Colleague: 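Have a look at this one.
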Amino acid sequence: MEDTYQPQSIEPAVQAYWQSRNTFRATEDPQREKYYCLSMFPYPSGRLHMGHVRNYTLGDVMSRYQRMRGKNVLQPMGWDAFGLPAENAALQHGVAPAAWTYSNTDTMRTQLKSLGLAIDWERELATCKPDYYRWEQWLFTRLFEKGLIYKKTAPVNWDPVDQTVLANEQVIEGRGWRSGALVEKRDIPMYFMRITAYADELLHELDHLPGWPEQVKAMQRNWIGRSEGCEVHFPVVPEPGHEPATGDVLKVYTTRPDTLMGATYVAVAAEHPLAQAAAREQPALAAFIEACRRGGTAEADLATQVKQGMPTGRWVTHPLTGATLPVWVANYVLWGYGEGAVMAVPAHDERDFAFARQYALPVRTVIASTRDAYATVDAAGDWQDAYAEHGRCVASGVYDGLDFAAACAAIATDLEARGLGQRRIQYRLRDWGISRQRYWGCPIPIIHCPDCGDVPVPAGQLPVVLPEAVTLDVGSPLKKMPDWYQTPCPRCGTAARRETDTLDTFVESSWYYARYASPDNDQAMLDERAHYWLPVDQYIGGIEHAILHLLYARFFHKLMRDVGLVHCDEPFRNLLTQGMVVAPTFYRETPGSKKHYFSPAEVDVRYDERGRTVGAVCKADGAAVEVGSIEKMSKSKNNGVDPESLINRYGADTVRLFTLFAAPPELSLEWSDSGVEGASRFLKRLWNRLAQTEWLAEANTLAQPADWNGFPLEPAHREARRLIHASLKQALFDYEKHQFNTVVSACMKILNVLTDDKAYWTVDPGLDAARTQAVTTSARTVLREGYSILLRLLYPIAPHICHTLWDRVTPDVPILDAGWPGVDETALAQETLELVVQVNGKLRGKISVEATAAREQIEARALADTQVQRFLEGKPVKKLIVVPGKLINIVV
RNA sequence: GCCGGAGUGGCGAAACUGGUAGACGCGCCAGACUCAAAAUCUGGUUGGGGAAACUCAGUGUCGGUUCGAUUCCGACCUCCGGCACCA
C-alpha cells in the first residue's frame, strides 16, 4: 500500500472501475424496492460552480446511502438547456446559442464526472434537443385541444428603443439594461396554461406531502392564496343622484364583506375598462393612466411604488345603502388579481386608509374592536393594525352587533337576494403565461391560419424543430425566417404562419424528472418504466425554487396524470431544499467610489493572538484590502472558488467531505480554505492509519465474533467499542435526518477513538506473552470492527477513498455489497452513569451512580453531595425532579 | 410592500426537539520533532473575577410560561430567499 494519500491517482482509477462495470446503470426490477434520487438539473452556464457541487454531492450521498441499504437506485443527470443566458452570450460573443450550449454541457459533464457521482449517464438528456421537446410540443397540442391552453393579452416589459420584450431581470431601475430607455408596460397576446383549474388540488395535495419542508408548503399555500369572500356589484350611475343604468355594474371581490357598509369609494386599476372609457373623455385622466404604464411589470416594484390615484368622474351606488360613491383609478389596484377593482374601506384596510388620507376621502368606522383596541378609527392619526382585525359591526344598520362570520353571511345573503353579488372562492394564483418572444426556446406548435385560426401542429408533423444555425441581433431570428414560419395550414392547406414565440423554459423543467424514466423512447413521451420509477423519492435543489419551479412541476404532473401518462398524484415524495454557498468578500475602494473586488486566492487574512480577523492584505503588493461582508458566491463580487481547481488540488472526496461537513444542507454554506484543509487532513489521517496498520490487510475485516458478549474484551477496548457504537448510532440517525454534517463529525469521532493509542491501544510491554496475546487479540477485534464500520459509514460521502481502502483490507467483497453497518445495542451499556445535580435549575454538582440504581438511592446521593450541600444550606427541599440517566434538580 | 427563513465562542457549527450550552472541525496559543521551516504529533482555548477550589454572566433585543428555555409563547431589530419573463 502506498504510504501517502494521493487522490489524483486513486479517484480516476475508482471512477474507471465503476464505469467498466456499469455500476450505476439503473434497471427496472419489480422485485427490488426502487429509490429515485434526483438533483435539480443544471442550466449549462459554462462551468460548474460550488452551488452545483453542493447540490450533486447531497444527491450522491443519498443515492449511495440507499444503494448501500439495498435499494434499486436511479440517479440521472441532464441539462436545462434553453434560456436567456445563451442568447446573451450570442449577442456578446457572436456564437450561436446552440453551439455555446453544447460546448458548455461538454465542459460541465467532464467536471461532474470528476466529482465521482453515482449517475446513470445513459439516461442523460438535454431539453434543447428535438427528441426531448417534441414530446413537450405533443403534450401542448393535447392540452390545447382540451382547452387547458388558451390565448389572451397580458402586459410585458417593453423596451421602446430596442423594440423588444425584456425579462424582469433585464429591467434595472425602470430602464432597459442595454438601451437604458425607460421601460413601459405593453399588452401583447400570449398563450396561458389554466393552472387555476388545478388550484384547489395543488393546495390540498400539500397536506399529503409529509416529506416536504413546512416552509415550502407554507410558501406554496400562500402563493396559491385561496380566500373565501364575496363578489360585490356596484351599479354604475352617470351622475350622483341618478338612477343606475340597468345591468351596468362594477364588480369587485372582497374578503371583508363585513366591512361593506364602510365602503366610501371604489378604486380600479389603470387597465380597467371603466378607467379606459373615462380616459377617452378626460385628457388629464388619460395622462395619469399613461403615467401608470411607465415602469416594469415586476410585482415587487408595483407594490413599493408611491400610491397615486385620480378620480374618474364616474360614480356607482352602494348595493345595500344606495349611497353614491366615487370611482377612482389607483396604482395600488392590480389588474391581474380579482376583478381589477376594489371596494375601499379606509377605516379597516391599511392601503385604503393611506389612500383616503392622501386624497381626503371619507373614513367610516363600521367595526368595533372586541378587545377595546380602539373606539373609533382616527382618520387624522396613524394607522393601527388593530383597525384591520375582525370585530363586531357598528354603524351598519341591520348588521350591528354581528361578528365577522355572521356579518359576512348576512351581507352575502342580502347581496344575493338583490342580485348584486355572491359568495365566491378566489385564488391569488394566476394562470401561467407560457409565451416568450425569444429564440432560444421550444417552438410553440401552433400554426396561425387566416381561415381556421390557431391550429395545433398535428402529431405526425412534430417536432417543430428550432433552427440552430442562426445569428442574433435585436429580436428573435425566427421572425426573420420566412422559410421557417411560412407553412400551409394543416387543416385547410391555405398559406399560414407558424407561431414564432417559444415556450417559457419552466415548461421543460416541469417534466424532465419523468422523461428520465423513458429517455430513449421515440414513440411516446413516457412508457411503463415511468410507473416503476415515479414518483421521485428524493428531490434536491435550491430553496429559490420553492414556489415557481416546484409548483409548475406539480401542476404538470397532474396534467400528465390526466392524460394517462403517469399514475401517481405528486411528482416528488420528499424534498430537500439546500442553502446557498457564500464566501467572504475583499475589496479596495477605487476612485469614483467603485469597489474593486479581490478573489480569496489573491489575499492573505491576518489574525490576532486570539484568532480574530484583524484585516487582510493583497499577496501581490502586500498592502491592505478591506474585508467585506459574506455574500453568495458570484462573479460580480469575485468571491467564487472554482470547483475544478479544488478537485485537482485536494481530490473530489475532500471537496465532498468539506461541503457536507461545513453546514447542514438547508443552511447557507460558508466557504473556508482552511476548512478544506481540515477535511483533507482527516482523509489523510484515515489513509495513513490504515496504511500503517498492516495486520488489517491480512484479516478478513467482515469476520467478527458471533457473540460479542461471550468474547473476552479488555475494559479499555470495551469502552472504545461503546464509543464507536454510540457514534455509529448517532450517524445512522443523522443519515435519516439528512444531517450529513453530524454524520461527518461522527466519523471523525470514530477515527479519533481508533487512533487514540494512549487511551486504548498501547499494549503494556511489561505483560507476559499470554497476556500480550490476549490484549492484542482484544484490541484487533475491536479495531477491525471499528474500521469496517467507519469505511462503510463514510463511503456515501467520500466514496473513492473508502472504496480503495476497503478493497485493500477486504478484497473479496466490494464495499457496495458489504452491507450497511448496524448498532450493537449491548455495546452501548454502561455500568456507571454520571448524573448532573442542579439546585433551582443551576448546575451545582455531579454524581456517579450504578446504572441499576433506584430513584431513592439517586436522590440520597444527590442530596448528600458536598458541593450540593453548600447550596442547600439546610433550606427545606420543596421538590425533587429526577430525569432518568440525565439529571436531578433540587428545588428549595 | 407581501410571503418564507436565519441569528449560539475569534470562525463554521452541535445540543438525541424542554434537561450539563459550545460535540466535531477551523483558527489561535503553548509544547514535541527539526539546523530551520513546512508537514505531523501532544495539550489548552466562551467572556468577566480568582493563585486555586470555585464563582458570576452568557444562545440577536425586550418580556412571558416552566423546577428547568438555544428549544415553547408575545413584541421588536438585523440579515437572507421568493414575488409570476434569471434559472
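Keep in mind that this is a model prediction, so the values were computed, not measured. Just so we're on the same page: letters track the sequence lines, and every chain starts at 1.
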Colleague: Is the phosphate of rC24(B), meaning OP1 or OP2, less than 4.0 Å from a side-chain N or O of Asn752(A)?
Modeller: no
Colleague: Distances for protein N/O vs nucleotides 41-43 of chain B N/O pairs under 3.5 angstrom?
Modeller:
none

Colleague: Give every pair of a protein N or O atom and an N or O atom of nucleotides 45-48 of chain B that lie under 3.5 Å apart, one pair per line with the distance.
Modeller:
residue: rG47(B); atom: OP1; partner: Arg610(A); partner atom: NH2; Å: 3.4

Colleague: Excluding sequence neighbours, so at least two apart, what forms salt bridge (charged side-chain N to carboxylate O under 4.0 Å, His left out) with Arg175(A)?
Modeller: none
Colleague: Rounded to whole Å, how long is the line connecting atom CD1 of Ile630(A) with atom P of rC11(B)?
Modeller: 10 Å
Colleague: Starting at the 5' end of RNA chain B and moving along, which residue's nearest nucleotide shows up first, Gly678(A) or Ile881(A)?
Modeller: Gly678(A)
Colleague: Starting at CG of Leu728(A) and ending at P of rC24(B), how long is that distance when rounded to a whole Å?
Modeller: 18 Å
Colleague: How long is the line joining CG of Asn741(A) and P of rG25(B), in whole Å?
Modeller: 14 Å
Colleague: Identify, residue by residue, the members of residues 883-892 of chain A with a heavy atom below 4.0 Å from RNA chain B, and return them in order of residue number, or none.
Modeller: Val883(A), Lys886(A), Leu887(A), Asn889(A), Val891(A)
Colleague: Name the orientation of the base relative to the sugar in rG44(B): syn if the glycosidic angle is within 90° of 0, else anti.
Modeller: anti
Colleague: Atom pairs under 3.5 Å, N or O on each side, protein against nucleotides 49-59 of chain B: can you list them with distances?
Modeller:
residue: rC56(B); atom: OP2; partner: Arg844(A); partner atom: NH1; Å: 3.1
residue: rA57(B); atom: OP2; partner: Lys842(A); partner atom: NZ; Å: 3.2

Colleague: I want to know whether Tyr332(A) and Phe355(A) have ring centres closer than 6.0 Å.
Modeller: yes
Colleague: Base, sugar-phosphate, or nothing for Ser674(A), non-hydrogen atoms under 4.0 angstrom?
Modeller: sugar-phosphate
Colleague: Suppose we screen for salt bridge (charged side-chain N to carboxylate O under 4.0 Å, His left out). Which residues come up paired with Asp352(A), at least two apart in sequence or across chains?
Modeller: none
Colleague: For this output row, return yes or no: ring centroids of Tyr552(A) and Trp432(A) closer than 6.0 angstrom.
Modeller: yes
Colleague: Taking only residues at least two apart or on different chains, which pairs with a member in residues 655-666 of chain A satisfy salt bridge (charged side-chain N to carboxylate O under 4.0 Å, His left out)?
Modeller: Asp60(A)-Arg656(A)
Colleague: Looking at Lys879(A), does any N or O in its side chain come under 4.0 Å of the phosphate oxygens OP1/OP2 on rC67(B)?
Modeller: yes
Colleague: Go through the structure and list residues passing salt bridge (charged side-chain N to carboxylate O under 4.0 Å, His left out) with Arg649(A), not counting sequence neighbours.
Modeller: Glu677(A)
Colleague: Describe the nucleic acid contact of Gln739(A) in one word from base, sugar-phosphate, nothing, applying a heavy-atom distance below 4.0 Å.
Modeller: sugar-phosphate
Colleague: So if I apply the ring-ring contact (aromatic ring centres under 6.0 Å, His included) rule between Phe555(A) and each of Tyr198(A), Trp511(A), Phe506(A), Trp223(A), which one comes out positive?
Modeller: Tyr198(A)
Colleague: Quick one: Leu667(A) CG to rA14(B) P, roughly how many Å, whole number?
Modeller: 7 Å
Colleague: Could you run through nucleotides 80-87 of chain B and give me one letter per nucleotide, 5' to 3': B if any protein heavy atom sits under 4.0 Å from the base, S if only the sugar-phosphate is that close, - if neither?
Modeller: SBSBBBBB
Colleague: Dot-bracket for RNA chain B, 5' to 3', with Watson-Crick and G-U pairs under 3.5 Å, [ ] for crossing pairs and | for other-strand pairs: what is it?
Modeller: (((((((..(((......[....)))((((((.......))))))((((....))))..(((((..]....))))))))))))....
Colleague: Asn840(A) side chain N/O closer than 4.0 Å to the phosphate oxygens (OP1, OP2) of rG68(B)?
Modeller: no
Colleague: Leu669(A) has an atom CG; how far is it from atom P of rA13(B), in whole Å?
Modeller: 8 Å
Colleague: Going by salt bridge (charged side-chain N to carboxylate O under 4.0 Å, His left out), name the residues that satisfy it together with Lys217(A), two or more places apart in sequence or in a different chain.
Modeller: Glu214(A)
Colleague: Mind calculating the distance between CG (Leu657(A)) and P (rC26(B)) to the nearest angstrom?
Modeller: 11 Å
Colleague: Apply side-chain hydrogen bond (donor to acceptor under 3.5 Å, both in side chains) to Arg226(A) and list each qualifying residue two or more places apart in sequence or on a separate chain.
Modeller: Glu228(A)
Colleague: Using whole Å, report how far CG of Asp385(A) lies from P of rG1(B).
Modeller: 12 Å
Colleague: To the nearest angstrom, how far is Phe740(A) atom CZ from rG25(B) atom C1'?
Modeller: 19 Å
Colleague: Run Lys729(A) and Glu825(A) through salt bridge (Lys or Arg N to Asp or Glu O under 4.0 Å) and show every step you take.
Modeller: CA-CA 9 Å; Lys729(A) 187 173 184 174; Glu825(A) 292 287 339; 3.5 Å; yes
